[in-house]
There are 2 protein chains.
Amino acid sequence: MSRSATSQDRRADARQNVEKILDAAITCLSRNADASVSEIAQAAGVGRVTLYGHFPTRDALIEAALVRVISEGEAVLESLDLAGDPRRALRVLIESSWLLIARASAVLVAAQTALPPGRIHQLHAEPAQRVDELIRRGQTEGAFRDDLPATWLTSVLHHLLKGAALDVANGLLEQADAPRLISETVLAAYTRGDT
Amino acid sequence: MSRSATSQDRRADARQNVEKILDAAITCLSRNADASVSEIAQAAGVGRVTLYGHFPTRDALIEAALVRVISEGEAVLESLDLAGDPRRALRVLIESSWLLIARASAVLVAAQTALPPGRIHQLHAEPAQRVDELIRRGQTEGAFRDDLPATWLTSVLHHLLKGAALDVANGLLEQADAPRLISETVLAAYTRGDT
DNA sequence: TACAACTCGAACACTACTGTTCAACTTACT
DNA sequence: AGTAAGTTGAACAGTAGTGTTCGAGTTGTA
């Protein structure tokens, strides 16, 4: 059986279309978490039937989009130098990945209602762990407060990134200002307050 | 014309049903932002037709639920003593309203896609202003940092409240721990970091 | 050039929701 | 006890989405 063609032996236009569809899916889902398949196909400049030719169901498409956006994020995280001073590292992390994370979390919201909960956690585990490590290291080195659990500090970072992205989308915040505001806030939050 | 019966002269069971429906709507919408009318009616222990007898459309129901949850929040905010030390006031605010705000923001998400954007802002303006005032006062009195805009500090509070509620829903955080974690984090975030 | 791979629109069946109507019933109130 | 007000399920029309099939057209590739 030479069945189940890999992406290698497919025709070039087919491969390109898959890419176009995934791109469109990510942008559409970022705008509207329950965008229809027709909408995504149209945004990709592709017929609806073609889309179904590549992804058997809407859920499969969303999963593929999530996988893609997460692996993009992984690539960025890997390229960063997170060694040395944890506070500097955190700043670098926020600065260079905040847009990416915002995009990812938008797709993640869409996936929340379309994928089995275990599947999401499974896909998201690896990149999340990298951030978690940085925070724990900062705690043991004394750079970050250790009177609050590391999981909560991680959560705080997530929520502020996501929230800032929302504010930008709603016109309450300038794109360019976001990284600085987030960094300032998170670093302060990671330091024990005087009260 | 003695038309347009107010809630005063309606039969008792009708008034009770309206209450039951609004309660059910709030809890259902908190669980799932696009809960169906059938689902809400069932949760209220009421026929679907009855529900439509009280609210002409799904959107009208959501608006009513939003109005109700916001006025509940208003009542709590009004009962609080937010004078004196801003840091203490903020702690009080978070402590005694965090559950309520989480509920409200869940319904708010549902309203986001069902109501015209202006309408939401209009309903939400009054309670939001009260919090905004506290933060601005804290800034001018030197209790909170003023190197970041007040609107952002407000946003931070919102996002952390909402985020914590999400964490509780996902089992990542204990209900009882939340207020303390939020207070500690927000107060630290509102203080200038050392870096 | 020839052929298989791919794309496309139209039409289909299916599901799930919203909102309406109706006729029968139960119940609150005087 | 009588009556208007309120509730109910069933059935309806309308809309919008998903996923499939088909036949005809287009295009990459060898």
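In what follows, chains are A, B, ... by sequence order, proteins preceding strands, each numbered from 1.
If you check distances only, the side chain of R11(A) does reach the base of dT27(D) with a donor-acceptor pair under 3.5 Å. Contact of R48(B) with dG19(C) (side chain to base): a donor-acceptor pair of N or O atoms is detected under 3.5 Å.
In this structure, CD1 of I40(B) is placed 8 Å from P of dT18(C), rounded to the nearest angstrom. One interatomic measurement links the two molecules: CZ of R10(B) to P of dA28(C), which rounds to 16 Å at whole-angstrom precision. Q42(A) places its CD atom 13 Å from the C1' atom of dG9(C), with the value rounded to the nearest Å. Taking atom CD of residue Q16(A) and atom P of nucleotide dA5(C), one finds them 19 Å apart after rounding to whole Å. To the nearest angstrom, P of dG17(D) lies 8 Å from CD of E39(A). Atom-to-atom, CG of D59(A) to C1' of dG19(D) comes out at 12 Å; the value is rounded to the nearest Å. Per the geometry, CZ belonging to F55(B) stands 15 Å off C1' belonging to dG6(D), to the nearest Å. Distance, K20(B) NZ to dT7(D) C1': 11 Å, rounded to whole Å.
Taking only side-chain atoms of V46(B), from C-beta outward, the nucleotide of dG19(C), dT8(D), dT7(C) with the closest atom is dT8(D). In this structure, the nucleotide among dT18(C), dG6(D), dC8(C) sitting nearest to the side chain of T50(A) is dC8(C).
Ring geometry for H124(A) against H158(A) counts as tilted: the plane angle lies between 30° and 60°, on a 0 to 90° scale.
Within the 4.0 Å cut-off from OP1 or OP2 of dT18(D), at least one side-chain nitrogen or oxygen of R58(A) is found. Phosphate proximity of dT7(D) to N17(B): present, with a side-chain N or O under 4.0 Å from OP1 or OP2. Checking the phosphate oxygens (OP1, OP2) of dC6(C), no side-chain nitrogen or oxygen of H54(A) falls inside 4.0 Å.
In terms of heavy atoms, R137(B) sits closest to P86(B) at NH1-CG, 4.0 Å. Summarising the geometry of L148(B) relative to Q139(B), their closest heavy-atom pair is O-NE2, 3.1 Å, with the distance given to 0.1 Å.
In this model, no donor atom of one side chain and acceptor atom of the other lie less than 3.5 Å apart for R48(B) and S36(B).
The residue among A12(B) and S36(B) whose nearest nucleotide of DNA chain C lies closer to the 5′ end is S36(B). The residue among V37(A) and V49(A) whose nearest nucleotide of DNA chain D lies closer to the 5′ end is V37(A).
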Apply the test side chain to side chain contact (heavy atoms under 4.5 Å, CB included) to residues R130(A) and E78(A): give CA-CA distance (whole Å), side-chain angles for both, the deciding distance (0.1 Å), then the verdict.
CA-CA 9 Å; R130(A) 194 179 249 105; E78(A) 256 176 44; 3.4 Å; yes
